[in-house]
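Next up is a structure, given as C-alpha cells.
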Amino acid sequence: MSGKFSHLLEPILMSLAKTSKPITLKHCNQIHANLITSQCNSQLHLTNTLLSLYSKCGHFRHAHHLFDQMPQKNVVTWTTLISAHLRSGSFTKAFHMFNVMRGADEKPNEYTFSVLLRACSNPCFLDVGLQIHGVLVHYGLERDKFAGSSLVYMYFNAANDVDHACRIFHELLERDLVTWNLMISGFAQVGDFSVVKRLFSEMWEVHGLKPDHNTLVSLLKCCSLVQEVKQIHGLASKFGTDVEVVLGSALLDLYAKCGDTSSCRKIFDSMEEKDNFIWSSIISGFTKNNKGEEAVHFFKDMCRRKVKVDQHVLSSSLKACLEIEDLNTGVQVHGQMIKYGYQNDCFVASVLLTLYASFGKLVDAEKLFRRISNKDIVAWNSMILAYAWLDQGSTQCMQLLQELRRTTSQIRSATLVAVLKSCENKSDLSAGRQIHSLIMKSSVSQHTLAGNALVHMYSECREIVDAYKAFVDIVWKDDGSWSSIIGSYTQNGMELEALELCKDMLADGVAFSTYSLPVCISACSQLSAIDVGKQLHNFAIKSGYTHDVYVGSAIIDMYAKCGNMEDSDKVFGEQLQPNEVIYNAMISRYARHGKAQEAIEVFSRFEKNGLTPNHVTFLAVLSACSHMGYVEDTLKFFTLMVNKYKIKPESEHYSCVVDAFGRVGRLEEAYEIVQKYGSEPAWRTLLSACRNHNNIKVGEKTAMKIIELYPSDHTPYILLSNIYTGEEKWEEAVKWREKMAKINVKKDPGSSWLI
DNA sequence: TTAGGGTTAG
C-alpha cells in the first residue's frame, strides 16, 4: 500500500530540488505533510530529497528533526545531514555526525568525503582533513574524481601544499572540468601564473574541455594589464561562456583596477541578472577611479529598484560619499544600514565614522565606533585618525591608544602613524615624543612607515634637529623619508642644507620622484637658485614628470620667484590638464607680484574650466586683492567662498580681510573682525595698519590685546610707542618704552617684524 | 536522491 502516490509527488519534489528559485519553509512543510498523508514517507529517496530541501532553504532544525524521525537511513541521508550541518556552519557537529555514521556501520561514499573535505579547506580544520584523507584511503577512494578533487582543493586552500595537490591530481582515474578548474584556481591562488596558462591550454587543447566562467575567473587572477583582461573577456565570447554574475563581477573589478570605467559600465549594463556582487563591484569600481558622483548615483538607483543592500554595497557607497564630501547621501546610506541591520558591522561603521568625523561630527563618529561589536585594527585606526584631524586631538588619540593596548599587546605601525598625525602641532609635541619612545621600544622601530611619520611630526612641530635625528634612525630610507626631511629643511629656511640632502639622496641610490622633486624645486625657488632649478626642470622633462601637477606647480612657482615670468608662463601653457593645484600656483604667483587684476582673471578662468576652488585658491586671490587694498573685491571673494563654495574661513582668510580694511584705514571694521575671528597674525596685521594710519584709538586696543595674549612680545610696545611718536605724543611714547623695559621684554637685536 | 569550483567592501 505504501507509496502509492509516489509517482505524483516525485516530479514535484524533483523540480523543487532543481529549481534556482528560492524555496520556502512553507513549500517544505506542505510536501512533508503530503508525504505523510500519502504514505510515501517510507520511500527513502523522497524523504532524502525533502531533507535536502529543508537544508537548502536554511531550516536546519527541521532537517535534523526529520532525520531523527526517519526509520530507515542510507548513505545519502547521512551525507545530506552532514552537508546541512556544514551549510549552517556547525563544523564540529558535522564531523561528529561522520563518526556516528561510521559507528552505525554506514559506509561513506565519494559524496560524503567531498562534502567533508570542502569544510576542511579552512586552515583551522587541516588536521581533521588529514585524518579524513586517511579514512578515505582506507575506503579506496583516493583516485575517485569527486573525493580526489576535493582533496586537491583542500591541499591548496588549507595547506598551500602544491606537491600533494599535484600528486593526487595526477593519480586520479578520471578528470572533469571541475577537477581542472580546481587545479587552475589553486595555482592562480599561489601566484604561479605560468602553470595556470599551461594547465589551461592542456585542458582545452589536449583534453578538449571547454572552459566555463569559473575557469575564466581563475585566469583573470593572472591579469595585471587591461589588454590581458580584454583577452580573457574575448575568450568568453570565443567559447560562448555566459558572463554571469561571478565572471561579470570579477571582470568589472579588474577593468576598474585598470581604470577602464567605460568597460565596467558596459558589462554592468549587459547583465540581465544583477546581484549584490555586481552592484557593489560597480559602486566600488567607480569609487576607486575617483568617480564618486557616478558611484553614488548607482547606489541611489539600487535603492530605487528596492534591491536589498549588503555590507559591501554600504561600505563602497560610503567611500564614495567620503570622496565627494556628500554628507546627505551618507546619512541616507546610514538609514539603509539601520534598515538592513548592518549598524554594528565593522567594515561599514569604520567608513561611516570617518565620513562623520570629516564633517566634524565626532560625537556621532564615536557612537558608531563604540557600537561595533568586534572592532578590528582598521576600526581603531579610523577612530584614532578621526580625532587626529581635530586641533589638539592628541589627548583623545593617546587615550584610544591606551584603551587599545589593554586589548592587545601587538601595536602596529599604522596605528602609531595615526596617533602621530595628531601630534603635528607644537602643543601636542610631548605626546609625539611619547609615541617616539614607544616606537623605539617596539618591533615597529625598524619600519620605514613609522620612521617617516616621526620625521614628518617633528618637522610640523618645527623641531628640525629631532626630525633629522629621526631621519638618521630610519634603517631603510625610502623616497618618502628623503622627501620628508628635505621638505622639512625647505620649510624652515634651511634651503641650502635641503639641496645638500638632495645630493645625498641621489648618492644613496634613491632617484627623484614626484614627491621629492617638488620639495627640491621649492628649495631652489626660495634661494632664487635658478641654475639648479633649471637642472631640476630638465630632469623633470626627461623623466616625464612635468605633467604631474605638484612638479608642474613647483616649476611655475620657481620661475616666478626667480623673476622669470616668461618661463613660468611657458610651463603653465604646457600643462595638459591644469587642475586646482596648478591654478593655485598661478594665482599665488600674481598675488606675490602685487598683480591683483591678473590674479582675478586667472580665478575666473579657473571657474570657467569647471574646477572647484578650495581654501588655498581663496587664500591666494584674497591676498592678491587685500595687498592692493581692493576692499570690495576682497569682500566679494570672501562671500563667494563662504556662500557658494561653503568653505569655512580659516584665520588666514580673515587676516586678508583685516589687511584689506587696514590698508584703506577702515580700522574699526577690521577690529570687529579680528575680535570675532582673528588669530595672532590678524592682530599683528591690524596693529601695523594702525601704525600706518596713526590711529591711536584702535591701536591702543589692539596693542593691549596682543600684550594680553603674548606678554613677552616686544612688538606691540614698539608699535604703540611709534604711533604716539607719529602723533607727537612724546610722553606717551616714552611711557610705553619704559613699560617694556620694566617687564623685561627685549626687542630682538637688529630685527623687527615690520621688516 | 547526496557532491566538488567563483566574484564585491573599510
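Chain A is the first sequence line, chain B the second, and so forth, proteins listed ahead of strands; every chain is numbered from 1. Computed from heavy atoms alone, side chains included, the values below leave out hydrogens, waters and symmetry copies.
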Would you classify A/K73 as touching base, sugar-phosphate or nothing, given that sugar-phosphate means primed atoms plus P, OP1 and OP2, and contacts are heavy atoms under 4.0 Å?
-> nothing
Contact class for A/R87 (heavy atom, under 4.0 Å): base, sugar-phosphate, or nothing?
->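 Sugar-phosphate only.
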In chain order, what residues pass the side-chain contact (heavy atoms from CB on, under 4.5 Å) check against A/Y111, with sequence neighbours excluded?
->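 A/Y111: side-chain contact (heavy atoms from CB on, under 4.5 Å) contacts with A/T79, A/N109, A/F146.
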For atom CZ of A/F299 and atom P of B/dG10, their distance in whole Å = 15 Å
Classify the side chain of A/T80 versus the base of B/dT2 as yes if they form a donor-acceptor pair under 3.5 Å and no if they do not.
-> no
For A/K288, side-chain hydrogen bond (donor to acceptor under 3.5 Å, both in side chains) partners two or more places apart =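 A/K288 satisfies side-chain hydrogen bond (donor to acceptor under 3.5 Å, both in side chains) with A/D253 only.
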Can you list, by residue number, the residues of residues 313-333 of chain A that have a non-hydrogen atom closer than 4.0 angstrom to DNA chain B?
->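 Going residue by residue through residues 313-333 of chain A, the ones with a heavy atom under 4.0 Å of DNA chain B turn out to be A/S315, A/S316, A/K319.
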Mind calculating the distance between CG (A/N74) and C1' (B/dT1) to the nearest angstrom?
->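 Answer to the nearest Å: 8 Å.
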DNA chain B-proximal residues of residues 275-288 of chain A, any heavy atom under 4.0 Å | A/F277, A/S280, A/S281, A/S284, A/K288
Would you please indicate yes or no on a ring centroid separation below 6.0 angstrom for A/F347 and A/Y342?
-> no
Measure from the side-chain heavy atoms of A/T79 and tell me the nearest of B/dT2, B/dG10, B/dG4.
-> B/dT2
Interatomic distance where CG belongs to A/L220 and C1' belongs to B/dT7 [whole Å] =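 Distance check: A/L220 CG to B/dT7 C1' gives 10 Å.
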side-chain contact (heavy atoms from CB on, under 4.5 Å) partners of A/H233, counting only residues at least two apart = A/L251, A/Y255, A/I267
Where the side chain of A/D253 is concerned, which of B/dT8, B/dT1, B/dT2 is the nearest nucleotide?
->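 Nearest to the side chain of A/D253 among the choices is B/dT8.
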With sequence neighbours excluded, tell me which residues meet salt bridge (charged side-chain N to carboxylate O under 4.0 Å, His left out) with A/E403.
->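 Testing A/E403 for salt bridge (charged side-chain N to carboxylate O under 4.0 Å, His left out), a comparison that skips the adjacent residues, returns A/R370.
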Could you tell me whether A/R87 sits above the aromatic face of A/F60, with NZ or CZ closer than 6.0 angstrom to the six-membered ring centre and within 45 degrees of the axis?
->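 Judged by the rule, A/R87 and A/F60 form no cation-pi pair.
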Salt bridge (charged side-chain N to carboxylate O under 4.0 Å, His left out): which pairs involve residues 301-322 of chain A, sequence neighbours left out?
-> A/D301-A/R304, A/D301-A/R305
If you look at every strand shown and take non-hydrogen atoms under 4.0 Å, does A/S350 touch a base, only sugar-phosphate, or nothing?
->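 Base contact.
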Determine which pairs satisfy ring pair (Phe, Tyr, Trp, His ring centres under 6.0 Å) with at least one residue from residues 299-328 of chain A, sequence neighbours left out, and list them in order.
-> none
Does A/S150 get its side chain close enough to the base of B/dG4, under 3.5 Å, for a donor-acceptor pair?
->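 No.
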Do A/N381 and A/T415 have side-chain N/O donor and acceptor atoms under 3.5 Å apart?
-> yes
With sequence neighbours excluded, what pairs up with A/K291 under the salt bridge (charged side-chain N to carboxylate O under 4.0 Å, His left out) test?
->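 With sequence neighbours excluded, A/K291 shows a salt bridge (charged side-chain N to carboxylate O under 4.0 Å, His left out) to no residue whatsoever.
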For residues 376-385 of chain A, which residues have at least one heavy atom under 4.0 Å from DNA chain B?
-> A/D376, A/V378, A/A379
A/S149 has its side chain closest, among B/dT8, B/dT1, B/dG4, to B/dG4
Check the distance between B/dT2's P and A/L50's CG and give it to me in whole angstrom.
-> 13 Å
Would you mind reading off the distance between A/N344 atom CG and B/dA9 atom P, rounded to a whole angstrom?
-> 22 Å
Rounded to the Å, how far apart are A/M101 CE and B/dT2 C1'?
-> 10 Å
Listed nucleotide nearest any side-chain atom of A/V76, set B/dT1, B/dA9, B/dT7 |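 Shortest atom-to-atom distance from the side chain points to B/dT1.
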Output the single nucleotide from B/dT2, B/dT7, B/dT8 whose closest atom is nearest the side chain of A/K221.
->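 It is B/dT7.
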Does the side-chain contact (heavy atoms from CB on, under 4.5 Å) test come out yes or no for A/Y54 and A/F67, once each step is laid out?
-> CA-CA 11 Å; A/Y54 272 129; A/F67 175 86; over 6 Å; no
Grab the CG-C1' distance between A/L117 and B/dG4 for me, whole Å please.
->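 The distance from CG of A/L117 to C1' of B/dG4 comes to 10 Å, rounded to the nearest Å.
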Can you check the A/Y111 OH to B/dT1 P distance for me, whole Å?
-> 10 Å
Pair of N/O donor and acceptor under 3.5 Å linking B/dT1 base with A/H45 side chain | no
Checking all strands, does A/V351 fall into the base, sugar-phosphate, or nothing category for heavy-atom contacts under 4.0 angstrom?
-> sugar-phosphate
Contact class for A/V245 vs. all strands (heavy atom < 4.0 Å): base, sugar-phosphate, or nothing?
-> base
All pairs passing salt bridge (charged side-chain N to carboxylate O under 4.0 Å, His left out) where residues 141-155 of chain A contributes a residue, at least two apart = A/E142-A/R167, A/K145-A/E174, A/K145-A/D176
Looking at residues at least two apart in the chain, or sitting in another chain, which of them share a side-chain contact (heavy atoms from CB on, under 4.5 Å) with A/S90?
-> A/H85, A/S88, A/K93
